[in-house]
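Notes follow once the structure below has been shown.
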Amino acid sequence: MRACWIVVLLALALASPARAYPEFEAWIEQHSGRFVNCAFCHTNPDGPEGTKPGQIRSLDAAELERLNRARAAFEPGQDVDSPILNAFGNHIIQALGKRRFLEIRAQDPGQLADALGYQSDLDGDGIPDATEYLEGTHPLDPRHGAPLRLLRHNLADHWLDILMIALATLFGLYGLNHLLEWAARRADEEEAADDHPTGGGVIP
Ligand SMILES: [Ca+2]
């Protein structure tokens, strides 16, 4: 009996650190209506368990060391660089600490956005990571975001380019219009000269 308990406890000890956190995935999908997978926070879209790149059984000794350091980062502000997490996943643990992260997971995964705050924008698309979490868009893909937010950001970011293109187009059209008018005038003048020749030097 004692041996059974040891086996069960050992299995739990080995299994629990490797588990992903599907509560967050489920919350994002329910809140945003968008489908997300483990790649929202993990290196591998199939999650942390397995032998594929970015999964636990593929890690070498140095990567396991980084993994263990990240797992022990219970307080915020520590250097977190877990090989099974992507930049957003590492940012969460670094910003909140694993203790607060696990509390949010148990209480309400929706609290994660406010806990992170709205300053960080890892992909630089103008949409804070926390907002992307709420809206189910990927915080590491600058092409993935609510279309209107991306449009506003792009307009604000590239207004000078857009203005220059608009001015170049206007000047181009203005110049083309004048060129066509000049060509038409020349054609009219040549036609008039053909209809009324000047007489070619005949002296009366
Ligand atoms: Ca973003």
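Just follow the structure's listing: the first ligand is 1, and inside any ligand the first atom is 1.
The ring-ring contact (aromatic ring centres under 6.0 Å, His included) search around Tyr174 returns His178, not counting sequence neighbours.
Of the charged side-chain nitrogens involved, at least one lies within less than 4.0 Å of a carboxylate oxygen, so that Arg186 and Glu190 count as a salt-bridged pair. The existence of a salt bridge linking Glu65 and Arg69 is confirmed by a sub-4.0 Å separation between a basic side-chain nitrogen and an acidic carboxylate oxygen.
Taking a 6.0 Å sphere around CD of Gln30, one finds it holds 12 or fewer heavy atoms contributed by other residues, nucleotides or ligands.
Aromatic ring orientation, Phe40 versus His138: tilted (interplanar angle from 30° to 60°).
Inspection of the environment of the Ca ion (ligand 1) yields the following protein N, O or S atoms under 3.0 Å: Asp121 OD1, Asp123 OD1, Asp125 OD1, Ile127 O, Glu132 OE2.
Nearest approach of Leu150 to Arg143, heavy atoms of both residues: CD1-O, 3.7 Å.
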